Amino acid sequence: AQKVTQAQTEISVVEKEDVTLDCVYETRDTTYYLFWYKQPPSGELVFLIRRNSFDEQNEISGRYSWNFQKSTSSFNFTITASQVVDSAVYFCALSEPGGNNRLAFGKGNQVVVIP
Amino acid sequence: GAVVSQHPSRVICKSGTSVKIECRSLDFQATTMFWYRQFPKKSLMLMATSNEGSKATYEQGVEKDKFLINHASLTLSTLTVTSAHPEDSSFYICSARSGVTQETQYFGPGTRLLVL
């Protein structure tokens, strides 16, 4: 069984502050993929990043960065210098390869950026 | 690339009617599509996995006769909510797996269903 935990339900930050979203996962497999998706108020899930279990390099994409630490089973997401457009729900998800690649989603982090 | 569309974006119907929702992969072939349901302020709940040309695989607790899924081509899957009731009101969202990057699911914009 796999499980994804996003402990912070709602996070409010003032514009230009940094915000870090924690994601902790559980899996018995050695090969797996981790994802982050953004769901703005419109409802569509926007793919942000995919990381496989053998690639522990951190990644930066503009104001977004991700820290993957296999030792602590965490895949945290940081938004630097937050903007109002970053207000959304962010989901961390885990999939195991093969078969239909079903995703296990965390409960999501509601991020509210206050202007 | 990897764009998924859904139609309609929102629908209001009377109790007892059936509603069909379409999910299309616009710029790639999707051998597998997924249907999710999301309640307000909740996470996504996988309803079923749809493979092109074969029967859908439903998650435990999801009525297959209630939620009919057809995946007739590599770019189209449909979800039909049969004899809809108010408790079926929800946000339904589909995703498609790209044949190029097989592990990533790309999501459609979702369909808001309100059953009166």
Side-chain angles (χ1 to χ4, degrees), chain A residues 1-11 21 23 25 27 29 31-55 59 66 75 87-112, chain B residues 1-10 23 28 30-52 54-60 62 69 71 77 90-113:
Chain A
Q2 49 182 341
K3 182 181 174 182
V4 177
T5 301
Q6 294 178 256
Q8 308 138 300
T9 306
E10 182 167 331
I11 305 166
L21 310 180
C23 174
Y25 62 93
T27 181
D29 286 88
T31 302
Y32 52 88
Y33 290 83
L34 293 161
F35 301 82
W36 276 94
Y37 288 89
K38 173 182 179 181
Q39 187 177 38
S42 60
E44 178 178 3
L45 263 76
V46 178
F47 166 71
L48 296 179
I49 190 171
R50 180 187 85 182
R51 172 69 71 224
N52 75 56
S53 53
F54 298 108
D55 181 2
E59 181 154 340
W66 291 269
F75 186 41
S87 296
V89 180
Y90 293 85
F91 290 98
C92 179
L94 166 71
S95 81
E96 294 162 331
N100 288 320
N101 302 308
R102 294 164 72 225
L103 287 177
F105 282 89
K107 292 185 176 181
N109 301 123
Q110 170 80 60
V111 174
V112 177
Chain B
V3 178
V4 177
S5 70
Q6 257 182 267
H7 178 80
S9 58
R10 60 178 66 230
C23 178
F28 65 97
T31 54
T32 306
M33 287 184 170
F34 303 83
W35 287 95
Y36 295 84
R37 183 173 179 176
Q38 186 179 32
F39 292 101
K41 297 188 181 297
K42 297 293 185 182
S43 188
L44 281 78
M45 181 189 78
L46 179 64
M47 298 174 65
T49 302
S50 165
N51 288 299
E52 186 265 338
S54 62
K55 289 183 179 179
T57 302
Y58 290 81
E59 295 299 302
Q60 193 172 12
V62 178
I69 291 172
H71 193 162
S77 176
S90 191
F91 186 61
Y92 293 88
I93 188 165
C94 73
S95 70
R97 191 183 75 190
S98 164
V100 176
T101 52
Q102 290 189 8
E103 303 299 334
T104 300
Q105 291 182 28
Y106 295 94
F107 286 80
T111 298
R112 297 191 185 277
L113 171 64

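Note on naming: letters A, B, ... go to the chains in the order of the sequence lines (proteins, then strands), and numbering restarts at 1 for each one. Computed from a predicted model, the values in this text were never measured in an experiment.
The minimum heavy-atom distance between Ser43(B) and Gly106(A), with the atom names listed, is OG-O, 2.7 Å. Across every non-hydrogen atom of Pro41(A) and Arg112(B), the tightest pair is O-NH2, 3.9 Å. Here the closest heavy-atom approach between residue Phe91(A) and residue Lys42(B) is recorded as CZ-O, 4.1 Å.
With a 4.5 angstrom heavy-atom cutoff, Gln39(A) touches chain B only via side-chain atoms. There is no contact between Gln6(B) and chain A, counting heavy-atom distances below 4.5 Å. The contact between Phe35(A) and chain B is made entirely by side chain atoms (from C-beta outward), counting heavy-atom distances below 4.5 Å.
Qualifying side chain to side chain contact (heavy atoms under 4.5 Å, CB included) partners for Glu44(A), counting only residues two or more places apart in sequence or in other chains: Pro109(B).
With rounding to the nearest 0.5 Å, the separation of CZ in Arg102(A) from OG1 in Thr57(B) is 9.0 Å. Between atom OH of residue Tyr36(B) and atom CG of residue Leu103(A) there is a gap of 4.5 Å, rounded to the nearest 0.5 Å.
Taking a 6.0 Å sphere around NZ of Lys107(A), one finds it holds 12 or fewer heavy atoms contributed by other residues, nucleotides or ligands.
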